Structure formats: C-alpha cells, structure tokens
J.: 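Structure below; questions to follow.
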Amino acid sequence: MSRYTGVTDRELREMLEEIGVGSLDELFAEIPEALRLRRDIDLPPGRSEQEVFEELSALAARNRHCDEEITFLGAGMYDHYVPAVIDTLLQRSEFLTPYTPYQPEVSQGGLQVMFEFQTAISELTGLPVSNASVYDGPSAVAAAGYLAKLETRRSRLVVSRGLHPHSRAALRTHAAGYGMEVVEVPLGAEGATDAAAIEAAVDDDTAAVFLQQPNFLGTVEELGELIEAGKRTGALAVCAADPLPLGILKPPGELGADICVGEGQTLGNRLDFGGPSFGFFAAAERFLRKLPGRIAGETRDVDGRRGFVLTLQTREQHIRREKATHNICTAQALNALAGVVYLSWLGRRGLVELAELMLRRTHYAREALGLEAINPGPVVREFAVHVPDLDALFDRARRAGINPGYRLARDYAEYEDGLLVAITERRTRADIDRLAAVAGSIREAVTA
Amino acid sequence: MSDPLDPRAGEDTLTIFERSREGRRAFVPPRCDVPELPVEELLPQSAVRDRSAELPEITEPELVRHYTTLSSKNFHLDEGFYPLGSCTMKHNPKLHERVAAVPGHARLHPLQDPEYAQGALELMSRLQGALAEIAGLPHVSLQPSAGSHGELAGLLLTRAYHEANGEPRSKVLTPDTAHGTNPATVTMAGYQVVKVGTDPDGGVDLDDLRAKADADVACLMLTNPNTLGLFDRNIEEIERIVHDAGATLYYDGANLNAVMGIARPGDIGFDIVHFNLHKTFTQPHGGGGPGAGPIAVADRIEPFLPVPQVVRRPGRNGTEPFFDLEYDRPLSIGKMRGFQGNFGVFVRTYAYIRSLGGDGLKEASQVAVLNANYLKALLARDGIAEYLPIAFDRTCMHEFVVSGRGAKERLGVRTLDIAKRMLDHRVHPPTVYFPLLVEEALMIEPTETETKERLDHFAGVVRAILEEAGDDPEIAKGAPYTAPVRRLDEAGAAKRPVVRWRARDENPGDPARAQDAPASGTGAM
C-alpha cells in the first residue's frame with residue numbers, strides 16, 4: 001500500500017457499498033476491455049523514503065556542482081549566492097502548496113507577492129506594466145514575438161545574434177507555429193550589435209526587433225541607438241535583459257524599448273541544471289491588455305479593505321479561449337517569489353553595489369587573462385576571448401579544479417576559438433588569478 | 001472606517017515597498033578585492049542609469065516578517081482539503097523537497113559538460129523511460145515547462161509531421177469537454193479551432209466528429225477522461241475516425257491521474273501525450289508554478305522532438321553507458337525553452353515514481369477514482385442532490401461535475417456563493433464555472449491522498465451550506481466572513497487597473513484615491 005493513501009479494508013467495503021458497486025475494478029468498467037493494460041506496469045516496486053533518498057543522493061553525487069569547482073561557466077545561468085531567507089520562505093507550505101489564486105479571499109499572500117513582483121520588475125526595466133511570470137527567459141522572448149504578431153499583423157522578426165542562442169532557437173520554434181519568419185543580424189567586429197545592420201534589416205513588414213542587454217558575449221550594447229534604428233519602420237523593440245546588471249545599466253524602457261523580457265534565475269533562484277527559474281515580461285502601458293499570463297491588480301473588498309486579485313483575465317486562455325493573448329496557465333509563481341524576496345533582500349543600494357562589484361571584477365578578469373578579447377568594449381558579468389588552444393586550456397583548467405567557461409563554437413561558428421567567461425560575486429580575485437595563471441601557461445606554450 | 005487594531009486592516013496590507021525606510025538594508029556586499037575603478041571609466045555615460053531602481057530598503061527581520069505574514073493569508077494544501085477539479089491537488093511528499101535541494105542537483109549548472117553531469121542525465125533518462133512506460137509510447141521529451149507548453153509542443157510536432165509528409169493542414173478539432181488551454185494553444189500553433197460537440201452521455205458527439213474530420217484536419221486534442229471526469233466509451237471509434245482522416249490524436253494528460261497502470265494512451269492509439277508533472281506526479285503547485293509538461297510520442301513523431309534529447313550511449317571504453325545530450329536532430333522542431341527543462345521538477349517526479357513503484361502508481365489511480373465516486377455518492381444523497389445534481393450521472397473517473405442549477409433556482413444562491421461559503425469552513429472550493437457546458441458548474445477532484453473522513457467532512461460542509469441557504473440565503477451571498485478579506489471588487493480592478501505600487505501622489509489609478517475623487521484618471525490605461 002502506498003504511504004500517501006490510506007483506505008483501510010473496512011473503509012473500502014463501506015465506500016464501495018455507498019457507491020453501489022462490488023469491487024474497485026467495477027469502477028473502471030467504462031474503459032473498454034480491449035484497452036485495459038493486462039499486465040502490471042513495468043516499473044520497479046516502490047521503495048521506502050530512506051532508500052529513495054539514498055538512491056537520488058547517489059545520482060546527485062555523480063554530478064560536479066558549483067561548490068566542487070571554481071566555475072566561470074555562465075551563458076544564461078549563473079552561480080550567484082542565494083540568501084538563506086529564500087530557502088526559509090520558499091519552503092513554507094503556505095507558499096509551496098497552494099495553486100493559482102482562483103479564490104482571492106484566501107490567496108491574498110500569493111496575490112500580493114505577484115503585485116510586488118510586478119512592481120520590482122517594472123522598476124528594473126523602466127516599463128510600467130509587468131505580468132506575474134512566464135516559464136523562462138527564452139520562452140519570454142517567444143511570447144514577445146507572439147505579442148508583436150497580434151499587435152502589428154506583420155510577418156518578420158529581426159533578431160540580433162547577440163541574443164542568447166536558446167532565445168533565438170525558442171523564438172524560431174514558436175514562430176514556425178504562429179507563422180513568422182525570423183531573420184538574424186550578425187554581430188559587428190567588436191562583439192556588439194551594429195546599428196546600421198539593424199537599420200538595414202528592418203522593413204515595413206518587420207513586427208519586432210530583438211536585442212539583448214548585456215548581449216550574450218557580455219557586451220554592453222549601445223541600446224538607445226539600436227532601439228532607434230530598429231523602430232525606424234514601426235517595428236516593436238524587444239529587449240532581453242539580465243536583471244542584475246540593470247542595477248547600473250539604463251533601463252530598456254527609458255531607451256524606448258516597448259517590451260523587456262528576461263531570465264530570472266539570477267534573482268535568487270537555484271541553478272537546478274536549468275530550471276525551474278522564471279521569465280519576466282514587462283511592457284509599455286498600451287500593451288497591458290495584450291500581456292501573456294497572470295497579472296495581479298490592487299482593489300478593495302466590500303468593506304473597503306485593500307486587497308489583490310488576478311485581473312484582466314479576459315486576455316487569458318480560460319476565458320478568451322482561442323482568442324487569448326497566450327496559452328500559458330501554470331507559470332513560475334514560486335520562482336517569482338524567490339525573485340522578489342531576493343530583490344528586497346538586496347534592496348535599492350545593494351543591487352547597485354552588487355552590479356558594480358560584478359562590473360569591476362569582469363573588467364579585472366578580462367585584463368588578468370591577457371587573451372585577445374572578442375569584445376574589447378564595455379562588458380559586464382561576462383566577456384569573450386580568443387584562446388590559442390582551447391582544448392589545452394580546458395584540460396589544464398579542469399586539472400586545477402576550474403571550469404573555465406563556455407565554448408562559443410557550440411553556438412557561434414564565427415567564434416571557433418572563443419571562450420565565454422562569466423563573473424559573479426562568488427568569483428573572487430583569487431579565483432580569477434588562478435584562471436589567469438592557466439591562461440598564462442597556454443599563452444606561453446603557444447609562443448614557445 | 002478602518003479600526004487601527006483590526007488585524008485585517010491597514011498595516012498588514014502594506015506592500016514591501018511601503019515598509020521601506022531609506023538607509024536600512026538586509027544585504028551586505030562581499031568586499032571589493034579588485035581595483036575600485038569609477039563606473040564612468042568602465043561604462044559609457046549613455047549606458048548608465050540616472051537613478052537607482054526603487055527597490056525596498058528593509059532589514060532581514062522585517063523582510064522575513066513581511067513575507068511570513070503574507071504567507072499566512074494563503075489557504076494551502078498542507079492545511080486542508082483542496083478539491084480543485086482538473087488540478088490534482090494531491091499531497092506533496094516532503095522527501096521531494098529534500099532530494100531536490102541536494103547540491104548535486106540544485107547547484108548543477110545546466111551547461112556542465114555531460115561527463116560531469118552523468119547523475120542528472122541518467123535521472124532524466126530513467127524518468128523518460130518511466131513516463132514512456134506509463135504512457136505506452138516509446139519516446140519522451142522532458143523539455144516543455146507546463147501542460148499548456150506541452151500542448152504547444154505537441155501541435156508544433158503535428159505541424160512538422162504533416163509538413164514533412166508534404167501535406168500541411170489547417171484545422172485542429174477540440175471537443176467542448178477539452179481542457180481549458182487547448183483552444184488558445186491551437187491558435188498559437190497557427191491552426192484554426194474547430195469545436196466538436198458533446199453527446200448526451202458526456203462523450204464526444206461521434207456524428208459531429210465524423211462530419212468535421214476531413215482531410216484538412218491536422219489533429220484531434222482529447223482529454224480522456226474528459227473535464228466531466230468521464231472516460232469516453234467510444235474512444236476506439238474516435239481513434240478510427242481521426243486516424244482515417246490522416247490526423248494525429250493528441251492526449252491531454254491533465255487527467256492522467258485516473259488511469260495510471262490501468263489504461264495507456266499509447267495502447268489506445270494516441271500519437272502524442274503530455275504529462276502535467278505538477279498534477280499527476282505531485283510537484284508542489286507553488287501558487288501557480290513551477291510545473292513541467294513532458295511529452296511522449298509514437299515512432300512516427302519521434303524525429304521531430306525538441307533538442308536536446310537525453311540519450312544513452314554504449315560505454316566509450318567498457319561496460320558503463322554514457323548519458324549525453326543530443327543536438328544533431330535535423331528534423332527537430334528546435335527548442336521550446338532554455339536548456340533541458342525544469343530539472344528540479346524531474347527530480348521530484350522521479351522520487352515519486354521510485355517511492356510508489358508500478359503497483360503504487362496503479363493504486364494511486366484506483367484510490368483517486370474510488371474517492372471521487374464515493375464523494376459523488378455522498379453528494380447524490382437527499383438534501384444535496386436536489387440542489388447540486390450530478391451533471392452526467394455515470395461512474396466517474398478521478399473527478400466529477402455537479403451543477404448549481406438547483407441551488408440557484410430553489411435557494412437563490414449561486415455556485416459562487418456556495419464556493420465562498422466553503423472558505424468559512426476552511427475547505428478550498430472546487431473549480432467553479434468550468435467546464436462551460438455545465439450550468440453553474442462545480443468540478444470536484446478529491447485525489448487519492450484524502451482519507452474517507454475528509455470526504456465525509458466535505459459532504460457535511462456542502463450539506464450544511466445548503467441547509468443554511470434554505471434558512472437564509474443572504475449568509476452565503478455575503479460570504480466569506482472569516483478570510484483575510486471579504487469579496488473583492490474584481491470588476492473595478494479590471495476597469496481601473498493598478499498593477500504595480502506607486503507612491504499615491506504618482507498614481508491616479510489608485511483605488512483609494514479614486515474613492516476620494518472619482519474618475520479623475522484611469523491610471524494604468
């Protein structure tokens with residue numbers, strides 16, 4: 001008997017009698033005989049809690065996680081410190097075990113969290129309206145493409161190759177459904193998006209132009225200029241952004257972006273081998289009734305007390321059906337909670353301090369490595385370098401307990417010898433110096 | 001109006017932003033161990049923020065107290081009965097949180113070299129195998145992030161499949177008993193929705209299906225058991241009609257909890273299935289996610305699955321197999337999202353499957369169906385059934401639907417009132433006003449983890465509410481009375497949307513301000 005169910009033999013008899021059937025099997029009489037599984041399902045028998053814990057711990061032990069090496073691996077998810085308050089609050093049953101707040105009177109906690117989350121995202125992005133989360137960064141990009149289609153009825157999406165490869169891939173996959181063409185614009189010589197190339201790529205049939213700040217290589221883009229070039233023919237400007245550098249970078253909304261989306265893992269979420277985290281989706285005022293997913297709004301109860309509800313639900317799938325602005329239902333509420341707790345923990349000044357620390361360490365690391373930079377201009381949180389012998393670098397770094405970063409050739413044929421190095425507040429100067437020592441030995445080996 | 005000592009008024013509804021005081025902090029940054037160059041030297045002026053984002057400034061104790069207080073305003077599954085139809089609110093085993101938090105899982109980077117992520121990839125591979133066995137379909141992608149994302153993946157696979165065969169099609173059939181997200185998914189996948197009716201038994205109307213299943217139909221999306229909780233007895237005929245038309249047959253797995261180990265979608269002839277790991281496999285719902293929506297498919301759909309696929313390769317130099325991520329799949333639809341999917345959810349799901357085993361999963365489905373039928377029988381007794389008649393009175397599967405029509409006509413209380421009154425009894429109401437084809441619907445899914453006494457209690461609550469409404473319907477109409485707030489003005493919230501906090505003087509849409517000076521501005525619009 002499963003430990004999560006508890007029907008005693010006596011209760012089973014009573015319940016079947018109340019139902020008016022003679023056996024459990026009779027309850028399945030509606031399923032045609034020919035379609036029933038005539039054998040036991042072929043899975044191992046159940047195990048005790050202790051055995052399952054041990055089995056899963058043994059599997060976990062075969063992974064090398066971020067505390068077991070000095071990692072410079074980023075490329076979309078990063079090894080940030082997650083404060084203890086997040087573990088404490090997210091494990092509260094009150095947050096962990098309810099579902100979507102369909103009954104607002106007994107869901108004020110979750111609804112107010114959504115409202116606060118929307119406020120924080122609005123502040124970061126410089127855009128007035130935000131939803132309560134989507135699945136992740138790349139799916140948020142794909143959702144922005146769908147909004148652009150609904151809004152403009154045009155058929156092309158122009159995308160800088162500075163956008164995360166997974167975002168571009170997810171956009172292509174989704175666009176194949178909603179019937180749009182995705183056109184990529186190569187990065188310029190210094191690993192930055194070229195405004196002239198964007199301007200040349202957009203035409204009267206372009207629904208949206210997609211940029212990323214900082215871009216996949218860590219380059220701080222000339223965002224204002226790019227947005228202006230991209231909107232030349234009336235396309236929407238969509239900016240994907242990493243929320244932590246937004247502590248010091250100009251918010252995309254202030255630079256004319258219509259929509260700002262992004263990956264929320266860096267805001268207090270675990271790496272979890274890629275998920276769950278959350279995506280955020282903020283936009284200009286005029287798109288409020290076209291946003292995907294849940295939105296919390298402030299209101300009053302019949303006694304005049306302040307309260308919060310899911311609002312503008314006529315956009316959503318369960319009401320608007322085939323005319324909905326998106327099909328999303330379950331999103332990432334718990335991960336968004338981690339996001340708003342993290343931002344509150346950092347606070348107004350802390351976010352700036354953290355972003356500045358990352359900025360300084362990124363520049364220090366690029367200098368210290370002494371390798372030719374792919375993006376020699378301003379960078380934050382990440383930078384890319386040419387490495388004379390990547391295999392040798394990985395080999396030596398691994399032996400020194402270091403994961404040196406991401407091989408750009410996996411996604412960029414144009415950077416065959418490229419290494420993408422990520423910096424967080426967890427990577428100290430001593431860590432960076434160790435990687436620099438490995439890089440130095442590679443430089444010497446090549447010139448020797 | 002508001003009493004400062006009333007715990008439900010004033011202070012405890014302040015947002016975290018309103019608790020902010022300049023100069024307070026919870027975070028102390030790690031020391032800067034590299035040269036502290038001025039920001040202006042590192043970034044162009046045009047890229048730098050003029051003013052910092054207005055995040056709260058708050059101490060850790062106040063931060064913890066704020067969110068703990070907020071949490072106390074949520075009704076949750078660990079507190080009580082939560083029979084939300086179609087959502088499968090079964091117990092979330094605490095072990096799952098512990099195994100998901102092990103650093104080897106929680107702190108593993110998604111781009112770690114597969115050589116150093118063998119445990120994670122093997123777990124995913126084993127989970128794929130288990131889901132394939134449960135679905136009766138050989139190939140699984142874990143990537144989609146939730147049920148509706150799995151649906152979309154399924155329709156994009158359908159599109160790729162038909163296009164590869166040189167016959168793109170334009171329509172998708174969705175029965176009106178289908179899951180709520182289906183029609184929106186169809187549109188996003190670039191198809192036209194064609195609705196199929198329901199027969200008097202609550203199943204798909206076969207004549208309507210035959211009339212609509214033409215050569216331009218790409219797919220039928222079916223939820224079976226459907227949202228009425230009924231297993232469609234004509235499923236074999238439905239399968240013939242759909243496949244004879246050359247369309248794919250899609251199984252919305254939202255209701256899979258009824259049939260694990262009893263009947264398999266693949267054996268029935270379905271081509272594509274999605275799972276809701278947050279329903280059937282008890283990932284905690286988190287107040288609206290995260291979930292995960294893996295898909296299982298037949299051989300002919302396999303070439304189109306998303307990348308990367310987790311594959312098991314023979315050992316490189318020995319007997320140990322090597323688990324890898326395969327990207328080289330030329331016919332693939334591409335990526336549905338970043339990385340490999342919601343791995344943290346996979347860990348919990350795998351723990352659940354290992355805990356229950358094959359026999360335990362079957363028992364879970366059996367008890368889910370037993371509990372639903374038992375509760376249905378209790379609600380069919382005199383004193384309840386005349387007010388809340390069962391919508392389609394057949395043996396149900398894991399859930400059933402009653403209509404509040406009788407209560408509305410004879411007692412003057414609507415389904416909404418009954419639901420709100422349940423809140424005062426500290427049980428969560430069922431799903432209400434869905435499915436749409438049942439008037440004043442209440443959709444009830446007790447799940448297998450509820451005991452008989454919980455079901456008896458719920459039936460008692462329903463009876464008490466109806467009896468009370470017979471004496472005085474106004475009580476239910478004014479409910480709830482004991483929740484942190486009473487009924488909220490949802491129409492006003494939509495009409496004058498306030499979707500973020502602003503200092504009051506900046507926010508003409510603020511409802512409090514609107515009370516002072518009506519219609520001074522529409523704020524967010």
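Throughout, a chain's letter reflects where its sequence line sits, starting with A, and its residues are numbered from 1. Just so it is clear, the model here is predicted, and its values are computed rather than measured.
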J.: Of the backbone (N, CA, C, O) and the side chain (C-beta and beyond), which part of Leu89(A) lies under 4.5 Å from a heavy atom of chain B, both, or neither?
T.: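 Contact with chain B is through the side chain of Leu89(A) alone.
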
J.: Check whether His109(B) reaches the backbone of Cys66(A) with its side chain - one donor and one acceptor, N or O, closer than 3.5 Å.
T.: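 Not confirmed, His109(B) side chain does not pair with Cys66(A) backbone.
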
J.: Could you look at Pro429(B) and say if it's the side chain, the backbone, both or neither that has a heavy atom under 4.5 Å from chain A?
T.: side chain

J.: What part of Val102(B) is in contact with chain A, defined as an atom under 4.5 angstrom from a non-hydrogen atom: side chain, backbone, both or neither?
T.: side chain

J.: Select, from Glu356(A), Gln118(A), Arg321(A), Gln108(A), the one with the greatest count of heavy-atom pairs under 4.5 Å involving chain B.
T.: Arg321(A)

J.: Is it true that, when you exclude Asp67(A) itself, more than 12 heavy atoms of the residues, nucleotides or ligands shown sit nearer than 6.0 Å to its CG?
T.: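 Yes - once you tally the heavy atoms of other residues, nucleotides and ligands closer than 6.0 Å, there are more than 12.
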
J.: Let me see the working for His166(A) and Phe339(B) under ring-ring contact (aromatic ring centres under 6.0 Å, His included), right down to the final yes or no.
T.: CA-CA 7 Å; His166(A) 294 177; Phe339(B) 307 106; 4.8 Å; yes

J.: Looking only at atom types and distance, does a side-chain atom of Glu123(A) sit under 3.5 Å from a main-chain N or O of Glu54(B), one as donor and one as acceptor?
T.: yes

J.: If I take atom CG from residue Leu488(B) and atom OG1 from residue Thr299(A), how far apart are they, to the nearest 0.5 angstrom?
T.: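 It is 6.5 Å, given to the nearest 0.5 Å.
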
J.: Does any backbone or side-chain atom of Glu60(B) lie under 4.5 Å from a heavy atom of chain A? Answer side chain, backbone, both or neither.
T.: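 Side chain only.
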
J.: One thing to verify: whether Arg486(B) and Glu105(A) come together as a salt bridge, which I'm taking to mean a side-chain N less than 4.0 angstrom from a carboxylate O.
T.: no

J.: Might you confirm whether atom CZ of Arg36(A) has over 12 heavy atoms from other residues, nucleotides or ligands at distances under 6.0 Å?
T.: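 Correct, the count exceeds 12.
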
J.: Side chain, backbone, both or neither: which part of Ile333(B) has a heavy atom under 4.5 Å from chain A?
T.: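 Looking at Ile333(B), backbone and side chain both touch chain A.
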
J.: Test your reading of the model: is there a side-chain donor-acceptor pair from Gln112(B) to the backbone of Arg64(A), 3.5 Å cut-off?
T.: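 Yes, the answer is positive, given that a donor and an acceptor are paired below the 3.5 Å cut-off.
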
J.: Can you find a side-chain donor-acceptor pair between Gln112(A) and Tyr67(B) that sits under 3.5 Å?
T.: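 Checked: Gln112(A)/Tyr67(B) side chains show no N/O donor-acceptor pair below 3.5 Å.
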
J.: List the steps and the verdict of ring-ring contact (aromatic ring centres under 6.0 Å, His included) for Phe434(B) and His318(A).
T.: CA-CA 9 Å; Phe434(B) 191 85; His318(A) 59 292; 8.7 Å; no

J.: As a quick check of understanding, evaluate side-chain contact (heavy atoms from CB on, under 4.5 Å) for Ile31(A) and Val259(B), giving each step before the final call.
T.: CA-CA 9 Å; Ile31(A) 302 178; Val259(B) 295; 4.1 Å; yes

J.: Decide, yes or no, whether a salt bridge links Glu57(B) with Arg348(A) under the criterion of side-chain N to carboxylate O below 4.0 Å.
T.: yes

J.: Look up atom OH in Tyr99(A) and atom NE2 in His428(B), then write down how far apart they are to the nearest 0.5 Å.
T.: 12.0 Å

J.: Mark yes or no for whether Arg360(A), through its side chain, and Val34(B), through its backbone, hold a donor-acceptor pair below 3.5 Å.
T.: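 Answer holds: no.
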
J.: Do the charged groups of Asp33(B) and Arg361(A) touch, with an N to O distance under 4.0 Å?
T.: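 Looking at Asp33(B) and Arg361(A), the cut-off is met.
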
J.: Quick one: do Ser93(A) and Glu79(B) satisfy side chain to side chain donor-acceptor pair (under 3.5 Å)? Show the steps, please.
T.: CA-CA 8 Å; Ser93(A) 294; Glu79(B) 170 185 0; over 6 Å; no

J.: So, the side chain of Asp489(B) versus the backbone of Arg300(A): is there a donor-acceptor pair under 3.5 Å, distance only?
T.: no

J.: At a heavy-atom separation under 4.5 Å, does Met89(B) approach chain A through its side chain, its backbone, both, or neither?
T.: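 Just its side chain gets close to chain A.
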
J.: Please look at His91(B) and chain A and tell me whether the side chain, the backbone, both or neither of the residue comes under 4.5 angstrom of a heavy atom of that chain.
T.: side chain

J.: Between Gly110(A), Ala324(A), Ser139(A), which residue shows the highest count of heavy-atom pairs closer than 4.5 Å to chain B?
T.: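 Of the candidates given, the most pairs with chain B belong to Gly110(A).
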
J.: Side chain, backbone, both or neither: which part of Phe17(B) has a heavy atom under 4.5 Å from chain A?
T.: side chain

J.: Look up atom CG in Asp78(B) and atom CZ in Arg92(A), then write down how far apart they are to the nearest 0.5 Å.
T.: 11.5 Å

J.: Answer yes or no: is there a side-chain heavy-atom contact under 4.5 Å between Leu37(A) and Ile262(B)?
T.: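 A side-chain contact under 4.5 Å is absent here.
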
J.: Parallel, tilted or perpendicular: which describes the rings of Tyr135(A) and His149(B), with under 30° parallel and over 60° perpendicular?
T.: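 Tilted: the ring planes of Tyr135(A) and His149(B) meet at 30° to 60°.
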
J.: Please rank Val113(A), Leu223(A), Val341(A) by heavy-atom pairs under 4.5 Å with chain B and give me the top one.
T.: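 Heavy-atom pair counts peak at Val341(A).
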
J.: Using non-hydrogen atoms and a 4.5 Å limit, figure out which bit of Val193(B) sits close to chain A: side chain, backbone, both or neither.
T.: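 Just its side chain gets close to chain A.
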
J.: Please lay out, stage by stage, how Leu37(B) and His363(A) fare under the test side-chain contact (heavy atoms from CB on, under 4.5 Å).
T.: CA-CA 10 Å; Leu37(B) 302 177; His363(A) 283 263; 5.6 Å; no

J.: If you look at every heavy atom in Ala483(B) and Val106(A), which pair is closest and at what distance?
T.: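 Between these two residues, the closest heavy atoms are CB-CG1, 4.0 Å.
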
J.: Please determine whether a side-chain nitrogen of the Lys or Arg among Arg337(B) and Glu263(A) lies less than 4.0 Å from a carboxylate oxygen of the Asp or Glu.
T.: no

J.: Check whether Lys420(B) gets within reach of chain A through its side chain, its backbone, both or neither, counting any heavy atom under 4.5 Å.
T.: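 For Lys420(B), the contact with chain A is made by the side chain alone.
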
J.: Using the side-chain contact (heavy atoms from CB on, under 4.5 Å) rule, take Val48(B) and Leu249(A) through it: C-alpha gap first, then chi angles, then the decisive distance, then the call.
T.: CA-CA 5 Å; Val48(B) 179; Leu249(A) 296 178; 5.9 Å; no

J.: Under 4.0 Å between a side-chain nitrogen and a carboxylate oxygen: does that hold for Asp79(A) and Arg107(B)?
T.: yes

J.: Say whether, by atom type as modelled, one donor and one acceptor occur between the side chain of Asn373(B) and the main chain of Ile19(A) under 3.5 angstrom.
T.: no

J.: Select one option (side chain, backbone, both, neither) describing which atoms of Ile134(B) are under 4.5 Å from chain A's heavy atoms.
T.: both

J.: Taking Asn74(B) for the side chain and Glu94(A) for the main chain, is one N or O donor matched with an acceptor at less than 3.5 Å?
T.: yes

J.: Given a strict heavy-atom distance threshold of 4.5 Å, which part of Ile16(B) is in contact with chain A: side chain, backbone, both, or neither?
T.: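 Contact with chain A involves both backbone and side-chain atoms of Ile16(B).
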
J.: Mind ranking Gln340(B), Glu122(B), Glu490(B), Arg25(B) by heavy-atom pairs under 4.5 Å with chain A and telling me who comes out on top?
T.: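 Of the options given, most contacts go to Arg25(B).
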
J.: Measuring heavy-atom distances to chain A, does Pro480(B) have an atom under 4.5 Å in its side chain, in its backbone, in both, or in neither?
T.: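 For Pro480(B), side-chain heavy atoms alone lie under 4.5 Å from chain A.
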
J.: Would a distance-only check, ignoring hydrogens and angles, find a side-chain to backbone donor-acceptor pair under 3.5 Å from Thr173(A) to Lys335(B)?
T.: yes

J.: May I ask you to decide if Lys323(A)'s main-chain N or O and Thr187(B)'s side chain share a donor-acceptor pair within less than 3.5 Å?
T.: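 Checking the backbone N and O of Lys323(A) against the side chain of Thr187(B), no donor-acceptor pair under 3.5 Å is found.
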
J.: Tell me whether Asp301(A) contacts the main-chain N or O of Arg487(B) through its side chain, where contact means a donor paired with an acceptor under 3.5 Å.
T.: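 Flag not set: sc Asp301(A) to bb Arg487(B) has no pair under 3.5 Å.
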
J.: Tyr4(A) and Glu448(B): side-chain contact (heavy atoms from CB on, under 4.5 Å), yes or no, with the steps?
T.: CA-CA 8 Å; Tyr4(A) 308 128; Glu448(B) 72 276 13; over 6 Å; no

J.: Contact part of Tyr82(B) toward chain A, heavy-atom cut-off under 4.5 Å: side chain, backbone, both or neither?
T.: side chain

J.: Is it the side chain or the backbone of Val39(B) that comes within 4.5 Å of chain A heavy atoms, both, or neither?
T.: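 Its backbone and side chain both get close to chain A.
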
J.: Taking all heavy atoms of Pro378(A) and all of Pro44(B), pick out the closest pair and write down the distance.
T.: CG-CD, 3.5 Å

J.: Hydrogens and angles aside, do Ser130(A) and Arg500(B) bring a side-chain donor and acceptor to less than 3.5 Å of each other?
T.: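 Judged by distance alone, the side chains do not pair up.
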
J.: Give the member of Cys329(A), Gly274(A), Ser57(A) that has the highest number of heavy-atom pairs under 4.5 Å with chain B.
T.: Gly274(A)

J.: Which pair of heavy atoms, one from Trp501(B) and one from Phe115(A), lies closest together, and at what distance?
T.: N-CZ, 3.4 Å

